[in-house]
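Sequence lines set the chain letters: A, B, ... in the order given, protein chains first and strands last, and positions in each chain run from 1. Worth knowing before you read on, the calculation uses all heavy atoms, side chains too, and leaves out hydrogens, waters and symmetry mates.
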2 protein chains.
Amino acid sequence: MPTSRSYRDSCGVARALDVVGERWALLVVRELLLVPQRFSELRRALPNVSSNLLSDRLRELEDNGVVRRSAPTEGPRIYELTEWGRKLEPMLRALGDWGIDAPQPPSPSSLSATSVLIFLEGAARPDPEAPPMDCSLELDGRVWTVRVASGRVQVLPGAPATAAVSLRTEPATLSALLSDPGTLTAACADGRVSVVGDLPVVERLLRAVTEPWSGDRASAPQ
Amino acid sequence: MPTSRSYRDSCGVARALDVVGERWALLVVRELLLVPQRFSELRRALPNVSSNLLSDRLRELEDNGVVRRSAPTEGPRIYELTEWGRKLEPMLRALGDWGIDAPQPPSPSSLSATSVLIFLEGAARPDPEAPPMDCSLELDGRVWTVRVASGRVQVLPGAPATAAVSLRTEPATLSALLSDPGTLTAACADGRVSVVGDLPVVERLLRAVTEPWSGDRASAPQ
DNA sequence: CAGGATCCTTAGCGATACTG
DNA sequence: CAGTATCGCTAAGGATCCTG
């Protein structure tokens with residue numbers, strides 16, 4: 001599709017980059033991985049992108065079949081990934097894993113709820129023998145279900161039917177807790193995290209990232 | 001590192017894109033996946049990148065620890081991936097797989113030897129029961145070893161010690177053969193492919209892409 | 001306030017030419 | 001061969017303004 005600035009290379013990598021290689025494009029896709037979003041939600045998640053550029057990217061991604069916009073006539077438009085766009089998820093996870101070892105960006109740097117949740121999904125290795133449970137997690141004013149089941153963590157939009165524990169915090173605080181679960185009680189004390197329910201459940205969830213359960217599939221193949 | 005145009009986002013994806021998100025950067029990494037290359041070889045593989053931009057990208061990738069240049073004083077400089085840069089391989093394979101479904105770029109479009117070889121490695125599913133063998137493959141004047149063993153294909157730089165068959169062709173021709181192995185005899189007849197040795201071996205290798213061996217691990221999980 | 005559109009400025013890109 | 005220098009062009013970035 002992109003004739004003007006195409007790589008003009010038949011390789012799959014180059015053709016993929018013709019579609020999602022423009023600046024901000026992959027971060028927009030990242031934001032849409034967990035749940036469809038509105039324009040203003042994307043702007044909040046990506047505060048460093050200007051509105052016109054976000055608008056351009058969304059249109060280009062839509063033209064190329066990566067993103068679809070629903071509710072064209074009434075109410076706020078919702079942007080969501082197409083089937084094909086959703087297939088970028090493994091690639092984005094691999095890219096994110098690689099980027100963990102990159103130097104930290106200059107402060108101040110943003111951190112969207114989606115970013116932290118995707119990291120949580122990918123990094124947590126809970127005990128596969130533990131009984132399934134759902135947690136309620138409010139980040140940036142939006143509620144998510146954190147489902148721990150069969151040795152992995154899955155994040156779903158919306159509140160769970162029944163929650164083992166409910167917590168509310170900010171993405172940056174959650175990210176800090178995932179790096180150092182030991183600061184949980186301090187974070188609760190000074191109000192950066194509010195927990196309703198079973199605190200040890202939260203402890204175990206956080207430690208599933210830094211201290212993966214050591215079983216059959218705990219360590220990477222390599 | 002990149003202060004001027006960093007995404008300023010702590011997410012792993014954004015930090016990765018701060019390093020390899022600039023135009024042409026990932027295609028340079030792709031070219032270096034199989035073997036270290038010289039500046040002129042990279043230019044031949046990526047004919048649509050201007051020399052100054054390639055020079056800039058190589059320097060930035062070097063500054064960011066993705067690429068290393070060897071032989072600093074004497075003879076031609078060689079660019080190779082660092083340990084960290086090599087870890088981009090799974091992500092590039094996932095991106096390339098995704099890009100296969102993208103629309104073809106406008107003609108004329110280039111196709112490097114490395115591109116086709118990486119695709120061959122990723123797409124071929126030979127019979128795991130078949131005995132191991134090496135083929136010699138000359139593309140664009142460089143010789144590679146195509147190793148078929150334990151149900152997969154591996155491409156190594158340089159000629160094999162003993163080759164079950166030797167062939168010489170161009171990347172575009174090989175790509176066409178991988179899409180439609182039936183045209184092999186025609187390609188041999190008109191000289192686009194020259195084969196020395198056992199022709200049926202080549203047939204089986206090509207068909208391992210279009211007609212994967214149907215065993216335990218033949219089809220993708222999803 | 002959501003969802004852009006329209007400026008303007010700057011920085012990165014692309015093509016060509018040039019040099020050690 | 002392996003880059004560097006120059007330069008016009010276009011995309012990115014930022015601000016403001018518009019429209020329901």
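Here C/dG12 is the nucleotide among D/dG3, C/dG4, C/dG12 with the atom lying nearest to any side-chain atom of B/E22. Between C/dC13, D/dA12, D/dG3, one nucleotide has an atom nearer to the side chain of A/L53 than all others, and that is D/dA12. For B/R69, the listed nucleotide lying nearest its side chain is D/dG3; candidates were C/dG4, D/dG3, C/dC13. Which of D/dT4, C/dG14, C/dA5 sits closest to the side chain of A/R59 comes down to C/dA5.
Environment of CZ in B/R192: crowded, with over 12 heavy atoms of neighbouring residues, nucleotides or ligands closer than 6.0 Å.
Scored by the salt bridge (Lys or Arg N to Asp or Glu O under 4.0 Å) test, B/D56 finds B/R59 as partners (sequence neighbours excluded).
In this structure, the helix from C/dC1-D/dG20 to C/dG20-D/dC1 shows an angle of 30° between the axis at its start and the axis at its end, each fitted on 5 base pairs and rounded to 10°.
A heavy atom lying under 4.0 Å from DNA chain C marks the following residues of residues 34-49 of chain A, by number: A/R38, A/F39, A/S40.
Rounding to whole angstrom units, OH of residue A/Y79 and P of C/dG3 are separated by 7 Å. Atom CG in A/L58 sits about 15 Å away from atom P in C/dA2, given to the nearest Å.
Using a 4.0 Å heavy-atom cutoff across all strands shown, B/S50 reaches at least one base atom of the nucleic acid.
Contact annotation: the side chain of A/L117 approaches that of A/W144 to within less than 4.5 Å [non-hydrogen atoms, C-beta and beyond].
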